[in-house]
Each structure stands twice: as structure tokens, then as C-alpha cells.
Trainee: 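One structure, as C-alpha cells, below. Some questions next.
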Number of protein chains: 2
Amino acid sequence: MKKKITIVDIANHLGITPSAVSKAFSDHPRISDKTKKAVRQAAEQLGYHQNTLATGLRRGRSGLIGVLVPGIHFSFFSTIIKAIEETLSEKGYSVIISQSRDQLAKEIRQLDNLMKAQVEGVIASVSLETNNSAHFQKICKRIPVVLFDRTLRDLEVSKVVVDDYMGSIKAVDHLVEKGYRRIAHIGGLSHVEPFRIRQEGYRAGMQKHGLEILEGYEQSSKLTVADGESIMNDLLKLPSPPDAIYAASDLPAYGVIKCLKERGIAVPQEVGVVGFSNEAYTEMVSPTITTLEQHSENMGLIAAKSMLEQLQHQYDDKEYVPQQSTLTPKLVIRESSNRK
Amino acid sequence: MKKKITIVDIANHLGITPSAVSKAFSDHPRISDKTKKAVRQAAEQLGYHQNTLATGLRRGRSGLIGVLVPGIHFSFFSTIIKAIEETLSEKGYSVIISQSRDQLAKEIRQLDNLMKAQVEGVIASVSLETNNSAHFQKICKRIPVVLFDRTLRDLEVSKVVVDDYMGSIKAVDHLVEKGYRRIAHIGGLSHVEPFRIRQEGYRAGMQKHGLEILEGYEQSSKLTVADGESIMNDLLKLPSPPDAIYAASDLPAYGVIKCLKERGIAVPQEVGVVGFSNEAYTEMVSPTITTLEQHSENMGLIAAKSMLEQLQHQYDDKEYVPQQSTLTPKLVIRESSNRK
DNA sequence: TTGTAAGCGTTATCAA
DNA sequence: TTGATAACGCTTACAA
């Protein structure tokens, strides 16, 4: 491995001082154009890369932003991270990613690592196990924090969420309009914000139409395909089985359809199905699945912009008031609920 | 924002010197247990986080690894990054991600940013536009580089790839065994390593069975669903249309099936289809798609381990010889090719 | 067992 | 227009 080139090397090379080189790089107004040109050329020639560790140490700004999610292999999260990285790298920041694997202990450890790396801000979606905000409370006293999707109720920071309540209302409205009446809900773990709210919205939607939520119509799960299948199986055993399912995620919606197909129950004619997230496969499977688009890419963009804004406020020493951005989910009507 | 706590604060708090505090943290043998305990406690109490910028600067090791991919929203890449992050964070490294968006210019810029951030190594999969290795040549002189999947032929670094050649052979063998004879190939851009090799494998497979590759049976594309559809459409217009398609990726394979279904051509009875990658949806759509599993998670793991190994060699000042790890793809037989 | 002091690469403040 | 110097927070010989 070759030795590292520093501004001292460039300075020696040109017979000037490191200080002048530094100023040349930052386009200092009182450095001659000739020197600036010479410096850039020497840098190119010697293969110089500014050491942002040193710059960061000196200026108290690392240029690093931490992103913490349950797992980046979920397309929802990876899409968001894509947008975040694009937006932040545009502004000269680097993005450190870390995963909680949906474990609180790991989330705490990872947050700690991010702090050690001197990130200037953290954008996060909390783990399924996260039931208190103590670890985030400490952080957000020091640096800007933006939470998205899976947020923490008692944390006063900027948040980006989709209007889960309205999403549920839209789903129920649609099913009712299509003539379904006995609508069941397959929810996620209810201590997680979006899932709690989706359930509330479901209830409100049912009430709005004067529909009763029968015993056993509200199920909670980990939202896997298998969960969808087994819950649908159970629902069919009910004295009055549902004629429609609104699932809080696409995977269980697919599981439900799989179960129904195997039992020869026609979708959407006999049973209607609506999912949540608009994952790519919802328009590939058959029947294609009606679902709620939550604009993940946009969510990442907004989260990143909110972070940039807070950072800016900090440099300007202005006060920043946390904001919540709520995106309106869009119902994408496909075959699984679209009966005549 | 509160002021930052440093070892100086801890030292003052305890009436000792920063040097003692530093040693206490690194578990120096000649520091009393009493002091160590006191230091840890004070750190906890004051909310201290080690500043890895400073540590990195001092020790010449940032603890940062850069990962550069075309885009993290592709499930293949996000799965790999997941494994990389898990493996590296285990060993105390942080992972900076960056995306090339399949543009050479952006790849160069991002690599430069990673160098500035003083990453200790780079794990990358190159962009579709990358047709020369100059930018990587410079980097790999300085720090360890590991390439995966989309590698560069003339770059002598460690690589992790799937045996694309054998994958193609397996696909063709399987199709032939199922009685298909007029097998066409939908490939990717052939200047990209894996796609070039898949095509070679396809040719070798055909030859092995004494099958002729008819005019128009070899198609190159950007591997989208739409590409699959339109190419299949064209293929059907051929004087002797194929009775099987081997696509270099799952998306076009799906597109092919979509086209065939619309035209009422039975899959797999009339035409067989095989894809590549084993994306999640291949077992969700109908018919389910026969495809090649490329063990992405494992690929990430191996890439990360290779990086760790090189880093270790570097600290030990031992020579490291670049290695190529080749994973054997596994044919996952599903409905789209499994006729009786 | 702990303290002293120099230095990692950079930038900001002053002086020249 | 440029140079000298101190400092950012930490580590590490060496000294005490």
C-alpha cells in the first residue's frame, strides 16, 4: 500500500506552505489563481484525496449521516435508502447504514456506533421490539433525528409517515363499494405505530359504513405469507367467515390469496383482498393484488430533505421546530378486489 | 445541541489525565481496575462517545468500509449489502454505501468520495457503463478492493462471482431433458461480465447437445419485463419460433411468460421458460418460474470476509494474493419448465 | 500505576 | 497574497 498524500506533500512539491494549499482548495478569495491552479494540478498528479477525517475533526463536522433500519433487504427500506443516499450524497454527505434486525438491543448498539462515528444526524425506522424511546431521546438532544414509517410516539422529532388511517379508510370504502360487507383485518404487531393506526382506521372505516366487526375478524400477525395463509384458514372456520380481507401488508395478502386458490374459492368473486405497500410482485401475481401505494421513494426524499434542513438550521444557529410530513396513500385497484 | 464530551472532560471529572482515560478505555494492562471502572462509569454518566474521527486520524485507520453498487433498491444488491453490513459491523467496521446508478461518471465520483472518507477498503459491483478499469486501478493500489458479480476482467483483485457458465449449462441441460430443442437466449448487455459468460454458457450448452442456435435466437437487452415481452413477441414471428427461452434474468423471464399467456400459448406445455436469480416473485407468480439461485446472501458474506482477511493481512504486513470465489448456482425447478 | 508531550491532517486566526 | 501557529480529540512512547 502506498503512503498517503497530504497537503504537506503538495506544499513541499510546490514550495509553499500547507496553509496556502488548504486555502487554495477551499477557494479562498485571497489566494492567487495561479497558486490555485498549481495546487489542483499537483493534487491530481500526486493522487491526493482530502482527508475528511482530519477536516471533520478540525471543523467539528463529519459529513456523515447515519441511517438505521430493521433490514435493508426489505424492498420498502432499500427503496427509501436509495432515495436518501441520492439526496444526501448530492449535498456532499456520506451515508452510513446500519441494521437493527428488528432487535432493540441491536438498535441500541448500532445507534451507539453511529454516535461514535460522529454522524451529524440520524434517519431511522425503529425495530419491531422498540417499545420505548430512551435510546433515541439521548441522541436527539445532540444531533438531528428524523424518523420514518415506524416512528416513536413520544419522541419529539421530525417524522415522515404515510397516512395509515386514511389508507385503511380507503381500503374499506373500496371494498364496501364493491359489495363486500364482512371485512376482516390482518394486522401487524399493534405496538408498532403504523400497524396500530391501520387497525384504528379499519375500525373507523367499518363503523362509518355501519358494519359490524365480528368476533375473530381482527387478527394480529408478523405479516408473513405463512401468516396470511394460516389466518385465512382459521377465518374460513368461523361461523360467519369474512367475504373480504384487508391486510396491513402485501405479503399476508398474497398468503390469503394462496390459501383461497388452494381451496377453490374465487378471488375476487367470492372473497376480495386488499394489501398494503404496493410491492412490485402485487402486479405480477394472479390475480393481481389491490393495495395501497405508500410512495416509499418520496418518503426517503422527504426524510433526507428534512435532515438537510435541520442541519442548515443548526449551522445558522436558528431554532428548528420538528415537523411531521404525512403522505397520502393511494389505492391501486387491481384484480383481487375488483369484482363487477 | 449540547457540547461534546471528550476524554478531557472525563479526565477532569475524575482528576486524572486524558492519557490515563484513553488507556483505561483500551484496557491497557498497566491501568488499575479501579481507575478503569471509574472511567467507564464517568463515561456512562456524562454520555461519552468515543470520537472515531480522532481515533482514526491518529491511528491511520478509519474503521470505514465503502460499498459501491449500481443501486440498492435492486433486491440482489440489497440482499448482498445486508450480509456485508452484518458481517462487517460484527467486527467493528461501519459501512458507507454509495450508488453509481449504472453511470460510469457517477461511479468515479462516488469512488473519489469514498477515498476522501478514508475508507479502509471498497467492496463494489460495477456499473453497466463501466468498460475500463482505470478508476479502480488507482484505488486498489492503495486499499483492498473486492469486486462481486459485475467484476472487471483486467483488475487483479479478489472477486466473488457465481459460475454463470455452469448456470447456463444447467439451464440448457434441464430444458433439453424436458424435451425442448429450439432454445433461445435473452441476454443482458454483453460487455458486462456475468451476461457475457451466461451467453457463452448458453452456446456451450447448445453445442453439447448438438443443438443449433437459429438466426435470431440470441437476443441482447436491458433485462426488463418489457424487454422480455417484446423480444418474445418478435421470436414468435420467426419462421421456426423457439419452444423454450432461457433468460439471463428473472424479470425478462416473467415478461416472456406474460406475453405467452396473453397469446394463449401454454407454459410449460408448449414453451418452457427459465430465468436467472431466483428473485422472490419467481415462486409467487403463476406459473412459478424455474430459475438459478445465485446465493446472494452468501455472496455478500464471502465478499465481506475476503475484505476482512485482506485488512488483516495488511496489519500483519503479510502479502495477500487476490482470490476469486466462484459460487455454484443451483437450478430451482418450478412450473415454467417442468412439463411431463 | 499514571503523567508528559508529540503528532495524525486539516483549518482558522493572526501576522507578515 | 502567503506564512506561522494553534487547535480539533485521541493515542503512544517515554518519563516519572
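It should be emphasised that the depicted structure is a prediction, and the values quoted were computed from it without experimental measurement. Quick note on labels: first sequence line is chain A, next is B, and so on, each numbered from 1.
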Trainee: Considering every strand and a 4.0 Å limit on heavy-atom distances, what is the contact class for B:Phe25: base, sugar-phosphate, or nothing?
Mentor: nothing
Trainee: Taking atom CD of A:Gln324 as the centre, does the number of heavy atoms from other residues, nucleotides or ligands within less than 6.0 Å exceed 12?
Mentor: yes
Trainee: Check the distance between D:dC8's C1' and B:Asn51's CG and give it to me in whole angstrom.
Mentor: 9 Å
Trainee: For the side chain of B:Thr35, starting at C-beta, report the closest nucleotide among C:dA5, D:dT2, C:dT2.
Mentor: C:dT2
Trainee: What's the closest nucleotide to the B:Tyr48 side chain, out of D:dG9, D:dA7, D:dC10?
Mentor: D:dC10
Trainee: Walk me through it: do A:Glu107 and A:Thr130 pass the test side-chain hydrogen bond (donor to acceptor under 3.5 Å, both in side chains)?
Mentor: CA-CA 8 Å; A:Glu107 183 168 284; A:Thr130 306; 2.8 Å; yes
Trainee: What's B:Ile16 touching, base or sugar-phosphate or nothing? Going by heavy atoms closer than 4.0 Å.
Mentor: sugar-phosphate
Trainee: Could you state the atom-to-atom distance from CG of B:Leu14 to C1' of C:dG3 in whole Å?
Mentor: 15 Å
Trainee: Taking atom types as they are modelled, would you say the side chain of B:Thr17 forms a donor-acceptor pair with the base of C:dT2 within the 3.5 Å cutoff?
Mentor: no
Trainee: Using the closest heavy atom to pick a nucleotide of DNA chain D for each, name whichever of B:Leu53 or B:Ser26 lands nearer the 5' end.
Mentor: B:Leu53
Trainee: Once you apply a heavy-atom cut-off of 4.0 Å, does A:Thr55 come out as touching a base, just sugar-phosphate, or nothing?
Mentor: sugar-phosphate
Trainee: Using a 3.5 Å distance criterion without hydrogens, assess whether the side chain of B:Glu120 forms a donor-acceptor pair with backbone atoms of B:Gly63.
Mentor: yes
Trainee: Once you round it to whole Å, what is the distance between C1' of D:dT12 and CD1 of B:Ile7?
Mentor: 12 Å
Trainee: Taking the minimum atom-to-atom distance to the side chain of A:Ala54, which one of D:dC10, C:dT10, D:dG9 wins?
Mentor: C:dT10
Trainee: Side chain of B:Arg30, heavy atoms from C-beta onward: which of C:dG9, C:dT1, C:dT11 has the nearest atom to it?
Mentor: C:dT1
Trainee: C:dT1 C1' sits how many Å from B:Lys23 NZ, rounded?
Mentor: 9 Å
Trainee: Round to a whole Å and report the spacing from NZ of B:Lys37 to C1' of C:dT2.
Mentor: 19 Å
Trainee: For A:Ile31 and C:dA12, give me the distance from atom CD1 to atom C1', rounded to whole Å.
Mentor: 13 Å
Trainee: Separation of A:Asp33 atom CG from D:dT1 atom P, in whole Å?
Mentor: 9 Å
Trainee: OP1 or OP2 of C:dG9 versus the side-chain N and O atoms of B:Gln118: is any pair under 4.0 Å?
Mentor: no
Trainee: Base, sugar-phosphate, or nothing: which does B:Thr6 touch, judged by heavy atoms less than 4.0 Å apart?
Mentor: sugar-phosphate
Trainee: Whole angstroms only, please: what is the CG-C1' distance between B:Leu57 and D:dA7?
Mentor: 12 Å
Trainee: Determine whether the side chains of B:Asp154 and B:Ser133 contain a donor N or O and an acceptor N or O closer than 3.5 Å.
Mentor: yes
Trainee: Please classify the nucleic acid contact of A:Arg59 as base, sugar-phosphate, or nothing, using heavy-atom distances under 4.0 Å.
Mentor: sugar-phosphate
Trainee: The side chain of A:Ser32 lies closest to which of these nucleotides: D:dT5, D:dT2, C:dT1?
Mentor: D:dT2
Trainee: Answer yes if the side chains of A:Tyr320 and A:Ser158 hold a donor-acceptor pair under 3.5 Å, and no otherwise.
Mentor: yes
Trainee: To check you understand the geometry: which heavy-atom pair defines the closest contact between A:Phe76 and A:Asp149, and what is its length?
Mentor: CE2-OD2, 3.5 Å
